[in-house]
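See structure below.
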Amino acid sequence: MPSPLHIAFAASEMVPYMKTGGLGDVVGALPKALVRLGHRVTAFLPRYGPIAFPPGQFLGSVHVPVDSVHRSAGFYRVTTADGVDVVFVEHPSFFERPFPYGEGNADYGDNRLRFAFFARAVCEFFRSRGERPDVFHAHDWQAGLLPVYLKAFYWDDPTLYRSPSVFTIHNVAYQGVFGLDTIGAIGLPWNLGTPDALEYHGGVSYMKGGVMFAENVTTVSPQYAREIQSPEMGYSMDGPLRARGGDLLGILNGVDYDEWDPSVDPHVAKNYTADDLGGKAACKADLLRSMGLPEFPDLPLVGITSRLVHQKGFDIVTGAWFDLLQRPMRLVLLGSGEREVEDGFRALAARAPDRIAVRLGYDAALAHKIEAGADMFLMPSRFEPCGLTQMYSLRYGTVPIVRSTGGLVDTVEPWDAAAGTGTGFRFDTADGTAVLWALDQALAAFKDKKGWRTLQANGMARDFSWERSARAYEDVYRRAMAKA
Ligand code: ADP
Ligand code: GLC
């Protein structure tokens with residue numbers, strides 16, 4: 001029996017404290033699964049404005065050297081009911097803000113300092129306590145400097161000597177790119193500003209730091225791991241990723257079924273199971289009511305919950321509005337993001353207010369109601385590292401219609417009516433014709449009640465629980481440790 005590990009997570013989101021997307025879900029769930037396997041996890045998160053102060057028990061403070069300004073971080077710990085230690089990093093002038101990255105569509109101007117400070121504070125926390133975790137696990141560009149710091153400043157530190165790290169890419173499109181002067185501004189040695197280190201098209205990229213300096217790199221689905229090594233989908237990180245190809249692995253995200261399970265979900269009108277889908281009709285009626293749509297039960301209802309950004313492809317849907325309105329279907333959308341996409345959906349709802357309803361904003365409870373109340377769930381993503389909502393949909397008996405990209409390929413199997421196999425509908429090209437083609441297939445399949453029930457049952461039987469993925473991460477942690 002291999003010894004249990006102490007894993008230090010560093011991430012900018014974690015459910016239930018802060019979430020803008022799937023990163024928060026993953027960082028909320030993976031530590032729990034690792035603890036269930038017998039490991040110890042200490043997860044670091046900035047103490048943002050919406051997180052009540054003090055967020056936990058005060059553990060002390062340390063000086064965190066980043067730029068020439070003298071700054072300290074305070075640390076506060078809570079141990080969750082699942083046995084995960086969460087350490088909040090407190091520095092009000094950086095983190096006492098309503099959002100983690102920016103407001104409106106503008107990033108905060110000091111993000112390079114904020115997240116350098118965060119990554120370095122994690123190192124200083126352990127150094128100051130004389131404690132060395134077995135492995136660090138840094139997530140996305142916001143924690144990308146952690147592997148860099150471990151190598152640049154702590155490699156021969158008496159506490160943190162040769163500390164290995166694993167870096168996980170949740171989305172290669174967000175890379176934390178800043179000016180080349182950042183190297184000096186955050187006190188890194190100048191030789192780190194070179195192409196085989198952090199230099200990136202004349203600037204620096206924190207994500208590249210994670211990619212180049214972690215012992216192992218992972219991303220959130222096997223298919224996306226292949227895609228991001230290609231120039232078409234690598235957002236210019238494909239070169240560094242190919243260079244690390246032997247150390248790069250795709251591990252599919254899991255679903256936190258404590259949170260997303262229709263048989264226990266407290267947010268839905270009526271709980272239901274795969275054996276008895278009766279409650280789903282009540283959920284549909286409830287959803288229609290809360291979105292202000294008339295309650296004809298038979299007209300299929302397509303649900304969408306998403307960030308409305310280029311990645312997610314919803315401009316393709318609003319662009320196809322005319323054809324969409326000809327379909328015998330209704331649509332509910334919850335999301336927020338780019339102005340044009342929001343406007344597009346507003347206009348669509350104005351054209352067919354009895355069939356299309358949109359809620360622009362963030363609403364955690366409504367996200368659950370949509371998973372439960374819709375018949376189908378639409379994800380026309382241009383790229384999708386993993387995607388969680390299609391996996392939630394499968395468990396809720398809500399049939400996903402997805403573009404064949406990234407984790408959507410790994411999680412949604414095309415329906416074959418003759419064989420009675422498959423869990424959803426997939427299309428290949430990112431254009432209106434393809435979306436409508438897949439929608440039409442789903443609408444036709446919906447008419448065959450018996451076939452549709454098989455399709456729902458197939459999806460509900462799929463098990464994406466975290467345990468398998470947590471074991472895969474454990475394996476990567478041990479590989480990283482063997483290298484350091
Ligand atoms: P991404 O991380 O790219 O946004 P994922 O599918 O991995 O995509 O995760 C999205 C998560 O965020 C899901 O838990 C989804 O329910 C949630 N979500 C997205 N938009 C909203 C919203 N407007 N309101 C509430 N939850 C949302
Ligand atoms: C990113 C990706 C999404 C993934 C999530 C969690 O936000 O866009 O596909 O599911 O991270 O890994």
Side-chain angles (χ1 to χ4, degrees), residues 9 11-16 18-30 99-101 137 139-143 167-175 207 218-225 227-228 233 235 250-260 265 267-268 291 303-314 332-338 341-342 345 358-372 374 377-396 398 400 402-403 405-412 464 466 469 473:
F9 269 58
S12 55
E13 299 184 24
M14 180 178 189
V15 162
M18 177 51 77
K19 160 171 165 179
T20 70
L23 172 66
D25 289 330
V26 170
V27 178
L30 174 57
F99 299 101
Y101 316 127
H137 189 171
H139 296 262
D140 270 353
W141 74 261
Q142 293 86 353
F167 180 65
T168 295
I169 296 173
H170 293 263
N171 193 334
V172 84
Y174 301 98
Q175 301 181 342
M207 175 166 277
T218 72
T219 187
V220 289
S221 70
Q223 174 69 16
Y224 193 60
E227 290 171 357
I228 55 178
M233 305 208 55
Y235 277 74
I251 301 177
L252 195 68
N253 285 333
V255 173
D256 186 346
Y257 290 120
D258 296 342
E259 276 280 316
W260 298 94
D265 193 328
H267 300 291
V268 306
M291 297 296 288
I304 296 169
T305 300
S306 186
R307 295 183 294 118
L308 300 177
V309 295
H310 183 76
Q311 168 188 351
K312 301 293 181 179
F314 286 107
V332 294
L333 167 129
L334 165 66
S336 68
E338 286 160 12
V341 187
E342 292 190 353
F345 277 108
V358 305
R359 184 76 53 84
L360 300 174
Y362 187 89
D363 185 336
L366 185 56
H368 287 253
K369 283 179 190 285
I370 291 177
E371 294 293 1
F377 193 88
L378 180 61
M379 294 176 78
S381 307
R382 290 199 167 82
F383 64 94
E384 196 61 75
C386 178
L388 297 171
T389 44
Q390 81 283 8
M391 292 195 273
Y392 302 159
S393 301
L394 288 171
R395 180 49 61 106
Y396 282 76
T398 302
V402 304
R403 179 155 178 266
T405 185
L408 301 175
V409 173
D410 292 321
T411 53
V412 178
F464 296 104
W466 267 105
S469 307
Y473 278 106

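Just so you know, residue 1 is the first one in the sequence shown, and it goes up from there. Counting starts at 1 for both ligands and their atoms, following the listed order.
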Checklist line | Flag side-chain contact, heavy atom, 4.5 Å: Val220 against Val26 | finding: no

Notebook entry, point to check: Distance-only, no hydrogens or angles: does the Arg382 side chain make a donor-acceptor pair with backbone N or O of His310 under 3.5 Å?
Noted result: yes

Item checked: Distance-only N or O hit between ligand 1 and Trp260, under 3.5 Å -> no

Notebook entry, point to check: Do Tyr392 and Asp25 come within less than 4.5 Å of each other through their side chains, counting heavy atoms only?
Noted result: yes

Check: Going through the distances and angles, do Leu308 and Leu333 end up as a side-chain contact (heavy atoms from CB on, under 4.5 Å)?
Finding: CA-CA 10 Å; Leu308 300 177; Leu333 167 129; 4.1 Å; yes

Margin query: As an exercise, identify every atom of ligand 2 less than 4.0 angstrom from a heavy atom of Asn171.
Written below: 8 (O)

Next item on the list: Do me a favour and list the nearest non-hydrogen protein atom to atom 3 (C) of ligand 2 with residue, atom name and distance?
Entry: Glu384 OE2, 3.4 Å

Next item on the list: Please report which non-hydrogen protein atom sits nearest to atom 8 (O) of ligand 2, along with the residue it belongs to and the distance in Å to one decimal place.
Entry: Gln311 NE2, 3.0 Å

Notebook entry, point to check: With side chains defined as the heavy atoms from C-beta onward, is the minimum distance between Glu371 and Thr389 less than 4.5 Å?
Noted result: yes

Item checked: For atom 2 (O) of ligand 1, the protein heavy atom that lies nearest, with its residue and separation -> Gly22 N, 2.6 Å

Checklist line | Per-atom contacts, ligand 2 versus Val220 - under 4.0 Å to a heavy atom | finding: 12 (O)

Checklist line | For Met379 against Leu408, the heavy-atom pair lying closest together | finding: CE-CD2, 3.9 Å

Next item on the list: For residues Phe383 and Asn171, determine if any side-chain heavy atom of one lies less than 4.5 Å from a side-chain heavy atom of the other.
Entry: yes

Next item on the list: Distance to 0.1 Å, residue and atom name: give those for the protein heavy atom nearest to atom 1 (P) of ligand 1.
Entry: Lys312 NZ, 3.5 Å

Note to self: Could you identify the single nearest non-hydrogen protein atom to atom 12 (O) of ligand 1 and state the distance to 0.1 Å?
What the structure shows: Lys19 CE, 3.5 Å

Margin query: Quick check: do Met207 and Tyr174 have side-chain heavy atoms less than 4.5 Å from each other?
Written below: no

Next item on the list: For Val26, counting its heavy atoms only, list the atoms of ligand 2 lying under 4.0 Å from any of them.
Entry: 6 (C), 12 (O)

Next item on the list: State the atoms of ligand 2, each with its element, that fall below the 4.0 Å cut-off from a heavy-atom position in Pro385.
Entry: 2 (C), 8 (O), 9 (O)

Check: Among Val255, Leu388, Asp25, which residue places a heavy atom closest to atom 13 (C) of ligand 1?
Finding: Asp25

Check: How far is atom 20 (N) of ligand 1 from its nearest protein heavy atom, and which residue and atom name does that atom have?
Finding: Ser306 C, 3.6 Å

Check: Are the aromatic rings of Tyr396 and Phe377 close, with centres under 6.0 Å apart?
Finding: no

Next item on the list: For ligand 2, indicate whether the residue Leu23 contacts it via side chain, backbone, both or neither (heavy-atom separation under 4.0 Å).
Entry: backbone

Check: Taking Asp265 for the side chain and His267 for the main chain, is one N or O donor matched with an acceptor at less than 3.5 Å?
Finding: yes

Margin query: Heavy-atom distances under 4.0 Å decide this one: backbone, side chain, both or neither, for Asn253 against ligand 2?
Written below: side chain

Next item on the list: Compare all side-chain heavy atoms of Ser221 with those of Glu384 and state whether any distance is below 4.5 angstrom.
Entry: no

Note to self: Using every non-hydrogen atom in the two residues, find where Tyr473 and Trp466 come nearest and quote the distance to one decimal.
What the structure shows: CE1-CZ3, 4.2 Å

Check: Which atoms of ligand 2 are found less than 4.0 Å from any heavy atom of Gly22?
Finding: 5 (C), 6 (C)

Checklist line | Identity and separation of the nearest protein heavy atom to atom 12 (O) of ligand 2 | finding: His170 ND1, 2.7 Å

Notebook entry, point to check: For Ala364, is at least one N or O under 3.5 Å away from an N or O on ligand 1?
Noted result: no

Checklist line | Atoms in ligand 1 flagged as close to Gly335, the criterion being non-hydrogen separation under 4.0 Å | finding: 23 (N)

Next item on the list: Answer with yes or no whether Gly387 contacts ligand 2, where contact means a heavy atom under 4.0 Å from a ligand atom.
Entry: yes

Notebook entry, point to check: What's the shortest distance from atom 26 (N) of ligand 1 to any protein heavy atom, and which residue and atom give it?
Noted result: Tyr362 CE1, 3.4 Å

Margin query: Return the closest protein heavy atom for atom 18 (N) of ligand 1 as residue, atom name and distance.
Written below: Thr305 CG2, 3.9 Å

Next item on the list: Taking the side chain as every heavy atom from C-beta outward, state whether Met233 and Thr405 have any atom pair closer than 4.5 Å.
Entry: yes

Item checked: Identity and distance of the protein heavy atom lying nearest atom 4 (O) of ligand 1 -> Arg307 NE, 2.7 Å

Notebook entry, point to check: With a 4.0 Å cut-off on heavy atoms, does Gly361 reach ligand 1?
Noted result: yes

Margin query: For atom 16 (O) of ligand 1, what's the nearest protein heavy-atom neighbour? Residue, atom name and distance, please.
Written below: Thr389 CG2, 3.7 Å

Check: Taking side chain as C-beta onward, heavy atoms only, is Arg395 less than 4.5 Å from Trp260?
Finding: no

